[in-house]
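Step one of this worksheet: look at the structure below.
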2 protein chains.
Amino acid sequence: MNAMTKTKGVKTLPLNTILDGDCIEMMNSLPEESVDLIFADPPYNLQLKGELHRPDNSRVDAVDDHWDQFASFAAYDQFTREWLAAARRVLKPNGAIWVIGSYHNIFRVGAALQDAGYWILNDVVWRKSNPMPNFRGKRFTNAHETMIWASKSEAAKYTFNYEALKALNEGIQMRSDWVLPICNGGERLKDANGDKAHPTQKPMSLLHRVLVGSTNPGDVVLDPFFGTGTTGAVAKMLGRDWIGIEREAAYREVATRRIADIRAFDRSALEVTRAKRAEPRIPFGQLVERGMLRPGEMLVSPSGKVAKVRADGTLVGDDVKGSIHQVGAHLEGAPSCNGWTYWHFRKDGKHVPIDVLRQQIRAEMAARPH
Amino acid sequence: MNAMTKTKGVKTLPLNTILDGDCIEMMNSLPEESVDLIFADPPYNLQLKGELHRPDNSRVDAVDDHWDQFASFAAYDQFTREWLAAARRVLKPNGAIWVIGSYHNIFRVGAALQDAGYWILNDVVWRKSNPMPNFRGKRFTNAHETMIWASKSEAAKYTFNYEALKALNEGIQMRSDWVLPICNGGERLKDANGDKAHPTQKPMSLLHRVLVGSTNPGDVVLDPFFGTGTTGAVAKMLGRDWIGIEREAAYREVATRRIADIRAFDRSALEVTRAKRAEPRIPFGQLVERGMLRPGEMLVSPSGKVAKVRADGTLVGDDVKGSIHQVGAHLEGAPSCNGWTYWHFRKDGKHVPIDVLRQQIRAEMAARPH
DNA sequence: TTTAATCATGAATCTTGGT
DNA sequence: CACCAAGATTCATGATTAA
């Protein structure tokens, strides 16, 4: 599945390929609003010290020389703002972006994201289980990196596979701090000399969690700083389409070989636990229509409130009538109420939530889709 | 020890007192280059919209105080730059600053710190052991806050008590992520009505680690957003001098009473700081994320039942899907099942319990406990 | 008196689809 | 766009109440 067109625009989307060139130019060559997710691992600006030289190469003596400091950060800021703008252009309205960085650059990236109109959803800390120690004992072990997850706008309906992430975390909702080992061992790519092929290769486990959590199978994932292609490798595994941009030929070659060796997981393994919201909606009245509940039958709540079922699928209680949710909320004096779990009917002398009847209908619908 | 003079300047340093007024004006009234450390917990600019209810319909008591309201990012940035400039003026040349924040404000603060000429030494993540959950399941649990530790300049000889922190951390060098509980229980200050005296009181354990690590006894610690005075309380305990600035009379009164009750070098201060070592709970999903098992791979049980691994760490078998424990229990018709010992994967033609993979991860964690 | 069950709450940018 | 209604959604901890 190469170079397929997925948009209505004139330009085609070069799916599952690595583009050779500057990330800003290449992003600007792609169709507008065409990708679902961007994962970006931009330069960390660690060479800042080197940029603290004047144009004539004289060394800056005073460390509080604001002009030089500003000039250096300003250059990084300008680069950041430009690639974030280009990224924004190719992102679908309901798309999202992840950016990873360290304290050297992440504050500037985060501020630029906000200034560009992105809406931060979380900052996520990758807590390294095996970081490099601080050898000189002058600072804290730099044991984490920071990722920012942001939607294109405040109003965007971003993808978040809450239930899948909760399942990944053994039933407890996923937190903003992820403990994962750094990339080493067999996963770490080596060049012909046996040296590491890329200085900052990210672990696949990190991308696995990002892509399972914020994309669906078939989505298009763009990585403008592709490096050795961890994003593409995990995207292929997980049945997502990907686009990489990388200037360095050596990285492109390593990434190409690497991704070619990846086998995608079969489709059924990619199905993840669905959110209830994705289930088909069943009006309460259908339970009455199908005879699962009889008009006139009394429902009870855990707190002992009662209401009577009417033929049109509404309830009537003391002083109130309306939907199962409205009557429940009114009787509890609560701002809202999920009537499906609140109301119970009597069966074999026991109280059973009416939600089990809804589940029966859904099971039937799944067995006979039409 | 009140109102002692510790500098050569004309102005005196109002040690161990709370100054009433705007933090910028009050800092500008202090002598230049007179304090050793600044700890700042500025407004976060949360920009909350409507109300939020827990699933049980109770209302979340949000931070909606007037002091956290800013008209725009630009207004917040200007405020930040002004107080950071004033802080810079009172800081000794070898002094340092800590600022705490969340993703709402910390990127702007960090960029402003760098622009003002501060030199970031570490960003430190406070990982909350008991954060508030994300009730609506729309994002990751916001389980951490970020602190930036910066010296006044790149050349500054900042204080870092490496050995003390290593001792606090059971002999292993202190990392940039600190697991500490939020402030609750008896430590949480209450007002006359029994409500929390301040919406964002920080735990003493956090300040303990900051002050042990980056000050010496007799140093002067300034907190321009004093609130209920956690910084002053811990400073007094640890034999450091402190200066607080706080506009709200109610907070000043609570802080004054609180600090008066503190006894220096209270043994309990040390006990509070010791973080409990987290139990190494390993979600099954981590085996998938780490590539130890592949989505689509089949697991078998001793009784011959089979199930397929999915990308989100759930299993799917005949007629059932869920966690390794749920699926095992269902297939055996048992009330419960230990999936770790029940399920086996195939390796070199043999069936190996998946618990072996969990033990591998635990062994890695034991070798590198943090 | 002891133990178990229940309740309260924390720096939160916390829904979605139809009319 | 506004408005309305359906209905989905929580973890750890300490205090309080019940047994």
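Letters go in sequence order (proteins before strands), and every chain restarts at 1.
- Here the side chain of S58(B) is nearest to one of dT9(C), dA12(C), dT13(D), namely dT9(C).
- Between I245(B) and C23(B) the shortest heavy-atom distance is CG2-CA, 3.6 Å.
- Summarising the geometry, the separation between CD on E163(A) and C1' on dT9(D) is reported as 10 Å, rounded to the nearest angstrom.
- Heavy atoms of K276(A) sit under 4.0 angstrom from primed sugar atoms or phosphate atoms, though from no base atom.
- Heavy atoms of K166(A) sit under 4.0 angstrom from primed sugar atoms or phosphate atoms, though from no base atom.
- Taking the six-membered ring where the residue is Trp, W149(A) and W98(A) present parallel rings, their angle staying beneath 30° rather than reaching 60°.
- As judged by a 4.0 angstrom heavy-atom cut-off over every strand, R175(A) is placed among residues making no nucleic acid contact.
- For R139(B) against dT13(C), a side-chain N or O and a base N or O form a donor-acceptor pair under 3.5 Å.
- Only the C1' atoms considered, dC7(C) is 14 Å distant from dT10(D), to the nearest whole Å.
- The base of dA8(D) is not paired with the side chain of T341(A) by any donor and acceptor separated by under 3.5 Å.
- Remark: ring of W119(A) stacked against base of dT13(C); centroid gap under 5.5 Å, plane tilt under 30°.
- Counting heavy atoms of neighbouring residues, nucleotides and ligands inside a 6.0 Å radius, atom CG of D318(A) does not exceed 12 of them.
- Rounded to whole Å, the distance from OH on Y162(A) to P on dC11(D) is 5 Å.
- At the heavy-atom level, G50(B) lies under 4.0 Å from base atoms of the strands shown.
- Look at CZ on R136(B): it is 13 Å from P on dT13(C), rounded to the nearest Å.
- Using a 4.0 Å heavy-atom distance criterion, S323(A) is classed as a sugar-phosphate-only contact.
- Here dG14(D) is the nucleotide among dA12(C), dA11(C), dG14(D) with the atom lying nearest to any side-chain atom of N184(B).
- Two residues, P199(B) and G137(B), neighbour DNA chain C, and the one matched to the more 5' nucleotide by heavy-atom proximity is P199(B).
- A side-chain donor-acceptor contact under 3.5 Å links S301(A) to the backbone of S303(A).
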Reading DNA chain D 5' to 3', how would its secondary structure be written in dot-bracket notation, given Watson-Crick and G-U pairs with both distances under 3.5 Å, brackets [ ] for crossing pairs and | for partners on other strands?
.|||||....|||||||||
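- Between the side chain of K196(B) and the base of dA11(C) there is no donor-acceptor pair of N/O atoms closer than 3.5 Å.
- Here N338(A) lies in heavy-atom contact (under 4.0 Å) with a base.
- D41(B) contributes a side-chain N or O that forms a donor-acceptor pair with the base of dA11(C) under 3.5 Å.
- In this structure, Q173(A) and R277(A) both approach DNA chain D, and ranking their closest nucleotides by distance from the 5' end singles out R277(A).
- For Q286(A), the side-chain contact (heavy atoms from CB on, under 4.5 Å) partners are I282(A), P283(A), E289(A), R290(A), I361(A), not counting sequence neighbours.
- Here the C1' atom of nucleotide dG10(C) and the CG atom of L48(B) are 13 Å apart, to the nearest Å.
- Atom CZ in R188(B) sits about 18 Å away from atom P in dA8(C), given to the nearest Å.
- Applying the side-chain contact (heavy atoms from CB on, under 4.5 Å) rule to K190(B) yields the partners R188(B); only residues at least two apart in sequence or on another chain are considered.
- Considering only heavy atoms from C-beta on, F284(A) stays 4.5 Å or farther from H325(A) through its side chain.
- Shown here, dT9(D) is classed anti by the O4'-C1'-N9-C4 or O4'-C1'-N1-C2 angle, which is more than 90° from 0.
- No engagement by P181(B) is indicated, since no non-hydrogen atom pair under 4.0 Å with the nucleic acid exists.
- Within 4.0 Å of D68(B), counting heavy atoms only, lies at least one base atom of the nucleic acid.
- For the P atom pair drawn from dT19(C) and dG7(D), the interatomic distance equals 14 Å after rounding to whole Å.
- Comparing dA11(C), dT9(C), dT9(D) by their closest approach to the side chain of K202(B) singles out dA11(C).
- Atom CG in N57(B) sits roughly 15 Å away from atom C1' in dA8(C) (whole-Å rounding).
- Looking at D68(B), its side chain does come within 3.5 Å of a backbone N or O of L46(B) through a donor-acceptor pair.
- Note: W67(B) and F225(B) fail the aromatic proximity criterion, with ring centroids not under 6.0 Å apart.
- With ring centers used as reference points, W178(A) lies under 6.0 Å from F140(B).
- Proximity of K138(B) to the phosphate of dT9(D): no side-chain N or O atom is located under 4.0 Å from OP1 or OP2.
- In this structure, CG of D195(B) is placed 12 Å from C1' of dA8(C), rounded to the nearest angstrom.
- Residue F135(B) places its side chain closer to dG10(C) than to any other of dA11(C), dG10(C), dG7(D).
- Among the protein residues, I282(A) comes within range of the sugar-phosphate backbone only, with heavy atoms under 4.0 Å from sugar or phosphate atoms but none that close to a base.
- Residue H325(A) has its side chain nearest to dA6(D) when only dA8(D), dA6(D), dT13(C) are considered.
- For the C1' atoms, the distance linking dT13(C) with dA12(D) amounts to 23 Å, nearest Å.
- In this structure, D56(B) places its CG atom 9 Å from C1' of dA8(C), rounding to the nearest Å.
- Heavy atoms of P203(B) sit nowhere under 4.0 angstrom from any nucleic acid atom.
- When heavy atoms are screened at a 4.0 angstrom cut-off, I324(A) is found touching no nucleic acid atom at all.
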